[in-house]
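First the structure, which I've put down as structure tokens, then a few questions once you've had a look.
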Amino acid sequence: MRDSLESEIPHIKFKDVSFSYPGEKENLIFQCNFSIKKPGFWMVVGKNGSGKSTLLKLINGIIKPQNGAIDSNANVGMVFQNPDHQILMPNCRSELLININQNISQNEINKKIEYVLDQVGMTGFEKRPVHTLSGGQKQRLTIACALISNRNFILLDEPTALLDQTSQLKVLQTIKNLTSDHIKPLSALWITHRYEELTYADAVAELKNGFLSSWQEPSKFQYN
Ligand SMILES: Nc1ncnc2c1ncn2[C@@H]1O[C@H](COP(=O)(O)OP(=O)(O)OP(=O)(O)O)[C@@H](O)[C@H]1O
């Protein structure tokens, strides 16, 4: 099952990437260089409006840079701040089903559903109506959807912003477990404002003045 979820190590590389929205004179992202070459829990911080969500949109190809190049072999999935904006179906199974983009047998589908629910700590939730889930469970369901759709790189845009502390810690721990799996670790790029979340990261960088700082260990990172 693990092998069918991913077959090669994903990477992302920005080379002198610049981007501005139409009508804007100044580049929001300016000559930005960074790379993520191995699985792990990568976190980006930055002030409101610094371009963090824009950076994720560049990575997943929703928008294209005016200058520079983005090299990536990652199969990226997106987890948004508010799971209610992302979940479409009435229960966990049906939501997972619409995210399976392969032609596979019923038996394989059932195995995959069981596997991804287990990965996010929601074993036995298959038949649960979405409206009975807590905020943290909904957010973990969106992560399960990203996994079942064969993503090997998950982009998370402030996924704990609407959650209480208990749910926040569960979602953080879910990503920590998936990114530190010994056999098939996931790659995750997590945007946050919450300083206390940085301790979960393998590496942290700040987006400032259109540029991403170099990656640092959380214990050495200083937020300017
Ligand atoms: N589609 C768009 N067209 C024009 N301007 C945009 C568009 N999307 C975002 N912007 C502007 O780009 C700037 C950066 O937005 P972005 O959402 O990337 O920042 P952010 O760092 O994620 O902010 P926050 O922390 O508040 O979520 C903001 O000034 C925003 O108004």
Side-chain angles (χ1 to χ4, degrees), residues 10 12-36 40-72 74 76-87 135-136 138-140 142-143 145-146 151 153-165 167-172 174-175 179 186-216 218 221-224:
I12 292 171
K13 184 173 184 185
F14 271 43
K15 189 160 181 353
D16 295 328
V17 169
S18 295
F19 173 83
S20 61
Y21 284 107
E24 297 292 329
K25 285 187 194 136
E26 293 206 0
N27 284 304
L28 181 60
I29 304 294
F30 184 58
Q31 295 181 356
C32 181
N33 291 287
F34 75 92
S35 61
I36 295 178
F41 201 166
W42 307 79
M43 282 197 191
V44 168
V45 291
K47 295 196 166 54
N48 284 131
S50 58
K52 302 181 297 298
S53 299
T54 302
L55 190 75
L56 295 191
K57 288 179 197 161
L58 284 164
I59 293 172
N60 71 19
I62 295 174
I63 53 177
K64 302 281 176 207
Q66 281 92 6
N67 288 297
I70 300 171
D71 174 38
S72 172
V76 293
M78 215 35 214
V79 172
F80 293 94
Q81 193 180 94
N82 187 344
D84 289 331
H85 293 169
Q86 193 164 1
I87 296 174
K138 283 185 198 171
Q139 200 58 284
R140 284 186 282 148
T142 63
I143 295 165
C145 289
R151 310 300 180 176
F153 203 120
I154 301 190
L155 308 174
L156 305 106
D157 198 353
E158 297 187 54
T160 58
L162 304 178
L163 304 183
D164 64 22
Q165 198 190 20
S167 296
Q168 176 199 16
L169 296 182
K170 278 190 181 153
V171 174
L172 274 164
T174 296
I175 297 297
T179 54
L186 184 75
S187 301
L189 181 58
W190 174 292
I191 302 286
T192 187
H193 273 123
R194 297 182 168 185
Y195 198 78
E196 77 273 13
E197 294 186 343
L198 302 185
T199 56
Y200 283 77
D202 295 315
V204 182
E206 180 181 3
L207 185 62
K208 192 177 175 185
N209 302 327
F211 199 83
L212 196 67
S213 70
S214 57
W215 295 107
Q216 289 176 46
F221 179 75
Q222 290 193 322
Y223 192 7
N224 298 309

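In this text the structure is predicted, and so the values were computed from the model without any measurement. Each ligand, and each atom within it, is numbered from 1 in the order the structure gives. Side chains included, hydrogens not; waters and symmetry mates left out as well; all remaining heavy atoms used.
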Student check: side-chain heavy atoms of F14 and L55 closer than 4.5 Å:
yes
Quick one: list whatever passes salt bridge (charged side-chain N to carboxylate O under 4.0 Å, His left out) with K138, sequence neighbours left out.
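Result, salt bridge (charged side-chain N to carboxylate O under 4.0 Å, His left out) vs K138: D84.
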Could you say whether the N/O atoms of E24 and ligand 1 ever approach to under 3.5 Å?
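N/O-N/O distance under 3.5 Å: no.
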L28 to ligand 1: N or O pair under 3.5 Å?
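L28 vs ligand 1: no N/O contact under 3.5 Å.
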W190 and side chain to side chain contact (heavy atoms under 4.5 Å, CB included): which partner among V44, I154, L172, L155?
L172
Who's the nearest protein heavy-atom neighbour of atom 19 (O) of ligand 1, and how far?
G51 N, 3.3 Å
Closest non-hydrogen protein atom to atom 25 (O) of ligand 1, residue and atom name please, with distance?
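So the nearest neighbour among protein heavy atoms is K52 NZ, 2.7 Å.
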What is the closest protein heavy atom to atom 9 (C) of ligand 1, and at what distance does it sit?
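Nearest neighbour among protein heavy atoms for atom 9 (C) of ligand 1, to 0.1 Å: Y21 CE1, 3.4 Å.
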Positive for side chain to side chain contact (heavy atoms under 4.5 Å, CB included) with F19, one of K57, Q66, K64
Q66
For T179 and A188, work out which heavy atoms get closest and say how close.
CG2-CB, 3.8 Å
Side chains of I59 and S72, heavy atoms from C-beta outward: is any pair under 4.5 Å?
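With C-beta onward as the side chain, the pair stays apart.
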Closest protein heavy atom to atom 17 (O) of ligand 1, given as residue, atom name and distance to 0.1 Å
S53 CB, 3.6 Å
Going by a strict under-4.0 Å cutoff (protein heavy atoms only), does atom 30 (C) of ligand 1 have a neighbour on the protein?
no
I'd like to check T142 versus F80 (side-chain heavy atoms, cut-off strictly below 4.5 Å). Are they in contact?
no
Do any nitrogen or oxygen atoms of S50 lie less than 3.5 angstrom from nitrogen or oxygen atoms of ligand 1?
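Yes; at least one N/O pair falls below 3.5 Å.
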Within ligand 1, which atoms have a heavy atom of E158 less than 4.0 Å away?
25 (O), 27 (O)
With the side chain counted from C-beta on, respond yes when Q31 and V17 share a heavy-atom pair under 4.5 Å apart, and no when they do not.
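Side-chain contact under 4.5 Å: no.
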In the protein, which heavy atom is nearest to atom 26 (O) of ligand 1, and how far is it?
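The protein heavy atom lying closest is N48 ND2, 3.0 Å.
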Give yes if a backbone or side-chain nitrogen or oxygen of G46 is under 3.5 Å from a nitrogen or oxygen of ligand 1, and no if not.
no
For H193, counting its heavy atoms only, list the atoms of ligand 1 lying under 4.0 Å from any of them.
25 (O)
For ligand 1, which atoms have a heavy atom of K47 less than 4.0 angstrom away?
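Ligand 1 atoms under the 4.0 Å threshold to K47: 21 (O).
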Among protein heavy atoms, which lies nearest atom 15 (O) of ligand 1, and at what distance?
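I find the closest protein heavy atom is T54 OG1, 4.0 Å.
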Within this structure, what is the CG-CZ distance for the pair N67 and F30, rounded to the nearest 0.5 Å?
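Going from CG on N67 over to CZ on F30, the span is 9.0 Å.
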Can you report which non-hydrogen protein atom sits closest to atom 23 (O) of ligand 1, along with the distance?
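The closest heavy atom on the protein side is G49 N, 2.9 Å.
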Name all residues meeting the salt bridge (charged side-chain N to carboxylate O under 4.0 Å, His left out) criterion together with D157; count only those two or more places apart in sequence or in a different chain, and write none if there are none.
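In terms of salt bridge (charged side-chain N to carboxylate O under 4.0 Å, His left out), with neighbours along the sequence ignored, D157 is linked to no residue.
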